[in-house]
Amino acid sequence: MKNTIAERIYDFLKNFPPFDVLEKEQLFKIASNVKVLYIEKDNFVFKQAGNPHEHFYVVKDGAIGLYRNMDNEQILVDICDEGDIFGLRPLIQNDLYLMSAKANEESVLYAVSVEILKEIIQTNEKVKKFLIASFSSNIKTPYAKGTNGQLFANIEMQTSNTSFTEIRSAEFSKNPVTTLKNSTIKEAAQIMSEKRVGSILIVENRNPIGIITDKDLRQKIATGLFSIDESVTAIMSAPVKTFKPKITVAEAQIAMIKNKITHLCITKDGTNKTELIGVLSEHDIVVMHGNNPSLLIKKVYRAKDVNNLKYIREKTTNLLKGYIEQNIPITFISKIISEINEAITIKAIELSLEEMDKKPPVKFGWLALGSQGRKEQLLMTDQDNALVFEDIPPEKYQSTKQYFLQLAKKVTEKLNVIGFEYCPADMMASNPKWCLSLSEWKNQFDTWIKKPTEDAIMMCTIFFDYDLVYGDKKLVSAMSGSIYESIKSYEIFLNFLGRNALKNPPPIGFFRQFLLENDGANKDYFDLKSRALMPLVDAARLLTLSHQIKGKNNTASRFKKLIKVEPKNQDLYLSCIDSFNILLQFRTSQGLKNNDSGRYVDLNNLSKSEKLKLKGCFKPIRDVQELLNIRYNLAQMM
Amino acid sequence: MISWFKYNNYPIFWKEYSKKCKQKQPKSIENTRFVVFDTETTGLDIADDRILSIGAIGIFKNTIDVADGFEIYIKQNQFKAETVEIHGILKEGKLTKLSEAKAMENFIAYIGNAVLVAHHTAFDIAMINAALKRLNLPKLKNKTIDTGILYKKLEGKKESHFNLDVLCKEFNIPKHDRHTAAGDAFITALLFLKIISKLRKERNLHYSDLFRVSGKEGLL
């Protein structure tokens, strides 16, 4: 039987989540049972603390405001416009309405039966996840147990259908060529030739203990360093890096880049104490997919001049584009891109050192600051860096400082040519203010901490996120130690840092092409960096500092560490990680699309699902800010 | 009053319909079932033209209930090529078509004692009544409301005719599926809800107000 009206409703609903992921029959069933309501401006659909209706609502035309009553005041929590869903949570959780829904303009609503939806939820996992996700922005305690990792399931929805090379399990050779540790090098080489392989594993009780590759034979045998009659143990690389069979391509790539190796051993449980079941070589991965980040890194190692590096960094941007287009998880992407950026910076430093007349007079460390320090820099943005050198007697200070300033100038010039533009605020190691000896740095941090002016706090937010790119580790850990000492002796500093972290609250959500601000101010552009990413970065930094957690500079890993320290806030911190990843991915794809830093987002160009995605991120930001507010008693300081 | 003898000759569906219409009905807008309907016809002549399709939708408690919908297409020998471009129903289309007798039986069973609402009700009711007459059945017994007249009550206008397109524009109703019976019924249903809601804002609207003839005194 033809049902023109239901078809029309079907056509409308199918454009919006979660209806867009329903089976055709499921959605048609919903559409043919919809009830249509017309609500006059200023009339209520339901009121706070009222009993739940049998239906939840989808806005067809108009706009519905959701309000919370607090102290006899109606606080606007959200505005729903075309395609938005509201009033669902109480129906599923059998609870009263937590908010009132009032028409901000005349509205036509589709009321959808919760019973039909419940049936569908049981068979459609994607819908279930979406609903859990959308609850998170509407309920009192969204981080309840049982929603872990699913809060942003709408993102998963888009990625789960496709299988990408990087997150696919890597296919390794199942029958690795092996020999025992008492064989001679000659015997091993014979086996390798016979089986036509480039590597052989040395096993003991079937467990891998070492590996010999063509390269070892070339470098250690052909050069006459070892005799071919010696035991394989003499030239094998040991211990070997072992991994679980389920290793993904991206993980394998990262492991190879990190350890500068070309072969990974796959064992039963991923340790070298269990049976060897396969070998994954770089070649296997190249075969698996052509565009290879470890090849890029290799090219960086071999780069002879800055033009080579520039070319590689351009290639990296292409790689990044591919990753973003394929929806590869942002955690993988940022690891790989950061590794390449770091390798490029190291090479730029090495090239500069070669150009200097003399070797460095004392030990030094090159620090990446800000987003690069946090390994969150995906797009080509400004360079922020600093340099620390060993303490030296006063009479040698001037010449030493001159040496490092000259070096820093060379490095920053190179980075600029490569594409990391000069920092407009001159936060670079070539600036005498940021090229300091260890004790000067300690003093500088101590001053910032004990005299927390607005400027000082701003500096802290940049300089606290440092990461040693090149040079001496001890210098940097001495610096970190001193920072924690200063903070310990002047804890109110954390409150100032907290106040700074709350400077930019996230908006409530979106309404058509407008941002919904708490104060009602609307803008067409959204500052993704300062309104969404930085609040999370600032919160993570502050909380890790307050727990004296060292060596965690990355926002996601800071929150992960915080979960261990404050298990009670696990759900909140997990949702912060999710939000952060989503936002970072969002910024990166926006930046690639518009060929800019991705910082300002034009709301007119966002699709409904992109808006929903962003909106889902605002809630955890608000909640973590609320936590800071209470913990540091910031209301009094404001 | 029809004779007992005649009544006994009516088919069962008609007897049930009559019974329902005799029941006492709630005199409130809230608890009344309204059926908003529209017909597509071969033309505007009540005697010569035929119904090609009926679309209808129920309203209860100020809510349009899509599940309480009705949409049928009718097989007719009469066919006017010139009106096809309005309603788009071909003589031998792909749609499943019912005989006029079966269509009337289904429609009567569907409407029951609901209050019938249409835009320019008089024409649609007359078309249905003509079809009923061909089946030797009496006229419809339902109460009726004309959204065109209701609109005139709201605006206090005297002009006789406001077509649906004009009102759609005024009431900001998207004109999807215009000139299909079901599409027009749905549009009219939204129009009905909107007019009722506007009338309510102006005054304390009673059930009986809906049926008063405007132009003379009544509401205005």
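Below, chains carry the letters A, B, ... as their sequence lines are ordered, and counting in each starts from 1.
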Q: Pick one of side chain, backbone, both or neither for B:Lys198, based on which atoms fall under 4.5 Å of a heavy atom in chain A.
A: both
Q. Tell me, side chain or backbone of A:Ile39 under 4.5 Å from chain B's heavy atoms, or both, or neither?
A. neither
Q: Could you tell me which portion of A:Ala31 (side chain, backbone, both or neither) has an atom closer than 4.5 angstrom to a non-hydrogen atom of chain B?
A: backbone
Q | B:Tyr73 versus chain A, the contacting section by heavy-atom distance below 4.5 Å | A | side chain
Q: Quick one: pull up CG in B:Asp65 and NZ in A:Lys35 and give me the separation to the nearest 0.5 Å.
A: 3.0 Å
Q: Answer yes or no: is there an ion pair linking A:Glu40 with B:Lys194, defined by an N-O contact shorter than 4.0 Å?
A: no
Q.
Heavy-atom cut-off 4.5 Å, strictly under: side chain, backbone, both or neither for B:Ile59 against chain A?
A. neither
Q | Contact class of A:Glu106 relative to chain B, heavy atoms under 4.5 angstrom | A | side chain
Q | Which atoms of B:Phe192 approach chain A - backbone, side chain, both or neither, heavy atom under 4.5 Å | A | neither
Q: Please tell me if the side chains of A:Arg8 and B:Pro174 come closer than 4.5 Å, counting only heavy atoms from C-beta onward.
A: no
Q. Taking C-beta and beyond as the side chain, do A:Val36 and B:Thr63 meet within less than 4.5 Å on heavy atoms?
A. no
(Q) Could you check whether atom CD of A:Glu54 has more than 12 heavy atoms from other residues, nucleotides or ligands sitting under 6.0 Å from it? (A) no
**Q.** B:Asp68, part contacting chain A, at a heavy-atom distance under 4.5 Å
**A.** neither
(Q) Looking at B:Asn163, I want to see if its CG is surrounded by more than 12 non-hydrogen atoms of other residues, nucleotides or ligands under 6.0 Å. (A) yes
Q. Between A:Thr4, A:Asn3, A:Val108, which residue shows the highest count of heavy-atom pairs closer than 4.5 Å to chain B?
A. A:Thr4
Q. Is chain B contacted by the side chain of A:Lys41, its backbone, both, or neither, given a heavy-atom distance below 4.5 Å?
A. neither
Q.
At a 4.5 Å cut-off on heavy atoms, which part of B:Ser197 comes close to chain A: side chain, backbone, both, or neither?
A. both
Q | Heavy-atom check, side chain of A:Ile5 versus side chain of B:Ile57, under 4.5 Å | A | yes
Q: Assess whether side-chain contact (heavy atoms from CB on, under 4.5 Å) is satisfied between B:Ile196 and A:Tyr38, documenting all intermediate values.
A: CA-CA 10 Å; B:Ile196 296 252; A:Tyr38 169 70; over 6 Å; no
Q: Report the distance from atom CG of B:Asn62 to atom CG of A:Leu37, rounding to the nearest 0.5 Å.
A: 8.5 Å
